[in-house]
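Take a look at the structure below.
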Amino acid sequence: MTRILTKLLAPAVLAGLALMTAAPVVAQEAAAAIPVPDKGDTAWMMVSTLLVLLMILPGLQLFYGGLTRSKNMLSSMTQIGAATCLVMLLWVVFGYSMAFGPDMDGALKPFIAGFDRLFLSGIAPDSTAATFTKDVVIPEYVFVCFQMTFAAITASLVLGSVVERIKFSAVMVFTLVWLPLVYLPIAHMVWAASGLFFVMGALDFAGGTVVHINAGVSALVAALILGKRLGFGKDTLAPHSLTLTLVGTGMLWVGWFGFNAGSALEANGSAALAMINTFVATAAAALAWLATEKLAGHKPSSLGLASGIIAGLVAVTPAAGNAGPLGAMGLGAVAAVLCYLAVSVLKPKLGYDDSLDAFGIHGIGGIVGAIGTAVVYSPALGGPGAADYDMGEKIVVQLLAVGTTIVWAAIGTAIAIFIAKAVTGLRVSADVEREGLDLGEHGERAYNP
């Protein structure tokens, strides 16, 4: 009887053992099919995110603050800090969802994402975001934070044109309206997989259109609507501390490696290419600005050095991973010369008061960089383009992206500024402007006598 039972049960027992043995293998294969974030890529992107934050706080604060008069130092730094904090909160509430969340259906899909990620709904610690390599991912929270810092610095850059005369309350209202109206649609169009210009193949590695043209054009429109500072064109409105401006410049350059190399979304060769380009384009631009100053009959200045560095960084941003070092150097040098002419010739001729040359450097430099990226992408100049790369076709795409960004930013900024004006009055009184916004708006002094 025992032998009979053994013969009958043996196949079932063996089958059960086989299933038990196979189960871990099947589970391992299923787990292997789901991409897992690489710890090296994750660590690099977390560092890059903090480097971009360094660009804003305290890099941009010191750069802009040093360029103002001493009575407006704290005001400039406070406006940047508060706008950055506001953008961070708005990014979590609706910004990330509208720029990079799951797409909505319909005609708006190329211009804006949907609202499924409001308050980051649906994102967990194990959620992942795709990179530019198949099956390579990073934690989605890291991607959220990285893109959040880009939105924050773009809003802060705009403020460089309106410092020393805009109300603090107006800055906050403007930022609240400007982010969803201007920044989020442009970010989606250029960087989201379903975005209008991403689909067309526009080249913007780290934000030539999204950040710099967007901020520069917005800055110009805001300055024109706000009006000139008291004494503009008559009194000396010189920077109060070029020392602090140079300190801020250094922090911006260091932080820019997170900005540019971090935009590879991985610690790989593309990030390395962006890194070397961020070095050499910037160096070439700094020297080109100083040389242009000398050729124009002026002494090579510390302000020129700082301006050239920023012009080079701006120009190479869209080309960081889309150019070889030779092309990056040429692009930086050309951008520096054109930005110098915009600041020293165009601005005085047209008479607008872009306080800290946000348009002259970020707007013009961004335009030169975005269009120039189509040139330096060519393999003939060491770029990563294919052997059959069609430069003319790509220039057309870049021009469309640049033109759309200019028009979109101009119209959206005008709406945002007029809303801020209706709500807050926009501009401080003449007495507060003369006294300085540090005391008039914040009740503090940067330097006590």
Side-chain angles (χ1 to χ4, degrees), residues 50-81 84 153 156-161 163-164 211-212 215-216 219 236-260 275 278-294 296 298-317 329 332-333 335-337 339-340 342-344 347 354-366 438 445-447:
L50 295 179
L51 285 171
V52 181
L53 179 61
L54 174 71
M55 293 173 66
I56 316 169
L57 312 173
L60 187 64
Q61 285 180 313
L62 292 173
F63 180 81
Y64 273 176
L67 291 173
T68 65
R69 290 166 288 178
S70 60
K71 62 184 180 180
N72 297 311
M73 172 69 169
L74 291 181
S75 170
S76 301
M77 297 183 75
T78 304
Q79 288 175 7
I80 291 170
T84 295
I153 196 170
S156 297
L157 287 171
V158 177
L159 303 179
S161 70
V163 293
E164 301 198 305
V211 176
H212 298 297
T236 301
L237 307 177
H240 88 278
S241 179
L242 290 175
T243 301
L244 291 178
T245 293
L246 286 172
V247 171
T249 302
M251 290 181 173
L252 283 166
W253 194 350
V254 171
W256 223 289
F257 288 100
F259 201 76
N260 282 357
M275 185 176 191
T278 304
F279 273 117
V280 298
T282 309
L287 296 180
W289 191 294
L290 293 175
T292 305
E293 277 188 322
K294 185 66 176 177
H298 306 292
K299 294 179 180 179
S301 66
S302 61
L303 180 57
L305 176 67
S307 300
I309 286 172
I310 302 303
L313 290 168
V314 168
V316 79
T317 294
M329 291 166 63
V337 174
C339 287
Y340 174 84
V343 169
S344 62
K347 177 181 169 181
D354 174 7
S355 307
L356 309 182
D357 295 317
F359 173 72
I361 293 180
H362 293 277
I364 298 299
D438 286 4
R445 293 181 187 271
Y447 311 100

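Numbers here are sequence positions counted from 1.
Counting only residues at least two apart or on different chains, no salt bridge (Lys or Arg N to Asp or Glu O under 4.0 Å) pair has a member in residues 244-259. Identified under the side chain to side chain donor-acceptor pair (under 3.5 Å) test for residues 58-70, with sequence neighbours left out: Arg69-Glu164. Contacts classified as side chain to side chain donor-acceptor pair (under 3.5 Å) and involving residues 299-308 (residues at least two apart or in different chains) are given here: Glu293-Ser301.
Neither side chain, Ser75 nor Asp438, offers a donor N or O lying under 3.5 Å from an acceptor on the other. Side chains of Thr317 and Trp256: a donor on one and an acceptor on the other come within 3.5 Å.
The closest side-chain heavy-atom distance from Val254 to Met55 is not below 4.5 Å. A 4.5 Å side-chain heavy-atom check between Val316 and Asn260 finds at least one atom pair inside the cut-off.
Among all heavy-atom pairs drawn from Met251 and Pro58, the shortest one is SD-CG, 3.4 Å. Considering every non-hydrogen atom in both Val52 and Gly258, the closest pair reads CG2-C, 3.9 Å. Listed here is the closest heavy atom pair of Phe359 and Asp354: N-OD2, 2.7 Å.
Checked against ring pair (Phe, Tyr, Trp, His ring centres under 6.0 Å), Phe63 has no partners two or more places apart in sequence or in another chain. Listed by chain and number, the residues in a salt bridge (charged side-chain N to carboxylate O under 4.0 Å, His left out) with Lys347 are Asp357 (sequence neighbours excluded). Scored by the side-chain hydrogen bond (donor to acceptor under 3.5 Å, both in side chains) test, Ser355 finds Arg165 as partners (sequence neighbours excluded).
A perpendicular orientation is assigned to the rings of Trp289 and Tyr340, their planes being inclined by more than 60° (bins at 30° and 60°).
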(request) With side chain to side chain contact (heavy atoms under 4.5 Å, CB included) as the test, would you mind laying out the steps for Leu60 and Leu157 before giving the verdict? (result) CA-CA 8 Å; Leu60 187 64; Leu157 287 171; 3.8 Å; yes
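Here the side chain of Ser241 pairs no donor or acceptor atom with the backbone of Gly66 at under 3.5 angstrom.
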